[in-house]
Engineer: 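Below are the structure tokens for one structure; questions will follow.
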Amino acid sequence: MKNVWISDVQTGQFDGQSVELKGWIKRSRGSSKIHFIVLRDSTGTIQCVGKREDLGDESFQNFKAALIESSVILHGHVNVDERAEGGHEISIQSISIIGAVDAERPFPITESAMVSSDGGETEFLLDNRHLYLRTSRMTKMLQVRSSVFGAIHSYFRQRKFTEYQAPNFVAGAVEGGSTLFEVPYFGKKAYLTQSWQLYAEAAMPALERLYTIAPSFRAEKSRTRRHLTEFWHAEMEVAWANNAEIMQYGEELVRHISTTLLEERSEELKSFDRDLGLIERYAENQYPRMRYDEAVETLQSMGIEIEWGQDLDYSKEKVLTQDFDVPHFLTHYPKVAKPFYHRVDPDDGNYVLCHDLLAPEGYGEIIGGGERTWTEEEILHRIDEEGVPREPNQFYIDIRSYGGVPHGGFGLGVDRVCSWLTGAEHIREVIPFPRDSRRVTP
RNA sequence: GCCGAUUUAGCUUAGCUGGUGGAGCGUGGGACUGUUAAUCCCAAGGUCGUGGGUUCGAGCCCCACAAUCGGCGCCA
């Protein structure tokens, strides 16, 4: 067990006392008679000083020789000292090297390895991801990520949503079939799920308000700073809700995440040079709604070539969002641009009742959602119209046959939200082991 | 799938009109009793991504391949 954490020592609550610290050596420097290390644990760093006259020749020599990322247990006295970063320093009385680092294989993530990456991800850092995770930047990213996950859970649980799990092996597609990962399944074919949604709709009549945070898999050969093949998907489904009400949940959730980060992770965000004023803006302001037609007109007035019926690709999204200072909802897409499960607008059959939430600063779409096609008659019509096979979707059709009700939901790209709110250069920065079309290791 | 770029020591890189590849960090050795990515001295460490070609001579020019990176389409 460990009883004393470095952050607590830095707050001053152990001043003048002797403590036992456990951690890893972050930096090491010194002379023949006095040696300094910066000790790191999950909570922070502190300078520790050892003198030859206090430790004895042998122990001092071992202390001096310990390389970066060696793990140690040390006993020492807590002093207030302005010369040490953080204002506190440990005067070492004894130290044991627990996990020594071999000089033949020193810790490879050196300052120079970090220099040109500037928070980005060089091939070397991606190859050594398992070691890169313990650098201060990645540690902070993982802590911010944890707060985002926590905020999503607390948002839905405060509103009496039930957390619900769907299978990751599935038989059919949600999005376009070309982006499915096919896996062998005892002589048959199965696929990795692209979304929790269809199975969530099955439980909607039971739970009425449900959500999840789970991985989704899409075999897109995308090479962008916004895509992963395995990404974390926060999805929700609500019975008796319309498009406007579902959007309201989405807006509140994103604002709640922003607020939570300001409360819990301001220091970490500042260390990424993130402007907290932007996060406050995302937390405090309402997000405008804009119909697809309006977006198309705006783009056309800017001289962008776009035909009605086209989905908005990223180049157009980017132009559209560059003047946005908060996320914007885009609603009422043409039916032809969206999959069968979106409910056709009863007021105009050319549109579906859906919405995308576009993040500002070029981070792209962070939410996609809307009302579902909910009557048996309409779902059969839409499935046939889109040329989707009925058989693997029979369970989905049954949901409509037995007491279908209006309902809907959305999916939020958790990693994209993390990327946007931290101001990351690339979505890879916010997930411990990123998976893209060219990398599944380490 | 398409377009563009890159590949030199463990890492980050310099390398001019083609003439025997330099440095910083890290590692090892040495000096130094308060360092802040410590400093100073010394050392080891390179078939220059792979294969072929041009040339008296290729890290540099040409061809092919590979890996990686960036962008696009698609999406969260």
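Below, chains carry the letters A, B, ... as their sequence lines are ordered, and counting in each starts from 1. Note that the structure is predicted; figures quoted are calculated from it, not measured.
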Engineer: Quantified in whole Å, what is the P atom distance between nucleotide B:rA9 and nucleotide B:rG49?
Structural biologist: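 My reading of the P atoms in B:rA9 and B:rG49 gives 8 Å.
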Engineer: Counting only side-chain nitrogens and oxygens, does A:K51 get under 4.0 Å of the OP1 or OP2 atom of B:rU33?
Structural biologist: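 Checking B:rU33 against A:K51, no side-chain N or O comes under 4.0 Å of OP1 or OP2.
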Engineer: How would you summarise protein contacts on nucleotides 42-50 of chain B per nucleotide, using B for base, S for sugar-phosphate only and - for none, with heavy-atom distances below 4.0 Å?
Structural biologist: ---------
Engineer: For the residue pair A:F329 and A:Y287, does the interplanar ring angle fall in the parallel (under 30°), tilted (30 to 60°) or perpendicular (over 60°) class?
Structural biologist: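 Rings of A:F329 and A:Y287: tilted, 30 to 60°.
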Engineer: Under 4.0 Å between any heavy atoms, over every strand shown, what does A:F124 touch: base, sugar-phosphate, or nothing? Just pick one.
Structural biologist: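 Counting heavy atoms under 4.0 Å across all strands, the contact made by A:F124 is with sugar-phosphate only.
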Engineer: Expressed as a whole number of Å, how far does the P atom of B:rC3 sit from that of B:rC48?
Structural biologist: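 31 Å, rounded to whole Å.
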Engineer: With rounding to whole Å, what would you report as the distance between B:rA14 and B:rC56 at their C1' atoms?
Structural biologist: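 That atom pair is separated by 28 Å.
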Engineer: Can you tell me, in whole Å, how much space there is between the P of B:rC75 and that of B:rC60?
Structural biologist: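 So the two P atoms sit 44 Å from each other.
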Engineer: Can you sort out which residues in residues 21-35 of chain A have a heavy atom within less than 4.0 Å of RNA chain B? Ascending by number, please.
Structural biologist: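 Heavy-atom contacts with RNA chain B come from A:R27, A:S28, A:R29, A:G30, A:S31, A:S32, A:K33, A:I34.
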Engineer: Short of 4.0 Å, heavy atom to strand atom, which residues of residues 100-108 of chain A count as contacting RNA chain B?
Structural biologist: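 Within this stretch, A:A103, A:P106 sit under 4.0 Å of the strand.
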Engineer: What is the nucleic acid contact for A:L67, judged by heavy atoms within less than 4.0 Å: base, sugar-phosphate only, or nothing?
Structural biologist: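 Contact class for A:L67: sugar-phosphate only.
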Engineer: Mind checking A:E235 for me? I need base, sugar-phosphate or nothing, with any heavy atom below 4.0 Å counting as a touch.
Structural biologist: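 No contact at all - A:E235 keeps every heavy atom at 4.0 Å or more from the nucleic acid.
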Engineer: Taking atom P in both B:rG10 and B:rU47, what distance in whole Å separates the two?
Structural biologist: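 Going atom to atom, P in each nucleotide, I get 7 Å.
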Engineer: Give the residues of residues 241-261 of chain A touching RNA chain B, defined as any heavy atom closer than 4.0 Å, sorted by residue number.
Structural biologist: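 Correct list: empty, so none.
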Engineer: For atom P, what is the distance between B:rC61 and B:rU7, given to the nearest Å?
Structural biologist: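 It works out to 11 Å between them.
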Engineer: Can you check nucleotides 68-70 of chain B for protein contacts, nitrogen or oxygen pairs under 3.5 Å, and list what you find?
Structural biologist:
| from | atom 1 | to | atom 2 | distance (Å) |
| --- | --- | --- | --- | --- |
| B:rG70 | OP1 | A:R428 | NH2 | 2.8 |
| B:rG70 | O3' | A:R225 | NH2 | 3.4 |
| B:rG70 | N7 | A:R223 | NH2 | 3.3 |

Engineer: Taking only residues two or more places apart in sequence, or in another chain, which ones meet A:R255 in a salt bridge (Lys or Arg N to Asp or Glu O under 4.0 Å)?
Structural biologist: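 With neighbours one apart ignored, the set is A:E251.
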Engineer: Taking the ring centre of each residue, are A:H153 and A:Y155 less than 6.0 Å apart?
Structural biologist: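 Between A:H153 and A:Y155, the centre distance exceeds or equals 6.0 Å.
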Engineer: Between B:rC62 and B:rG18, how far apart are the P atoms? Round to whole Å, please.
Structural biologist: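 Here B:rG18 and B:rC62 have their P atoms 11 Å from each other.
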Engineer: In whole Å, measure the gap between the P atoms of B:rU12 and B:rA31 for me.
Structural biologist: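 Roughly 33 Å separates the two P atoms.
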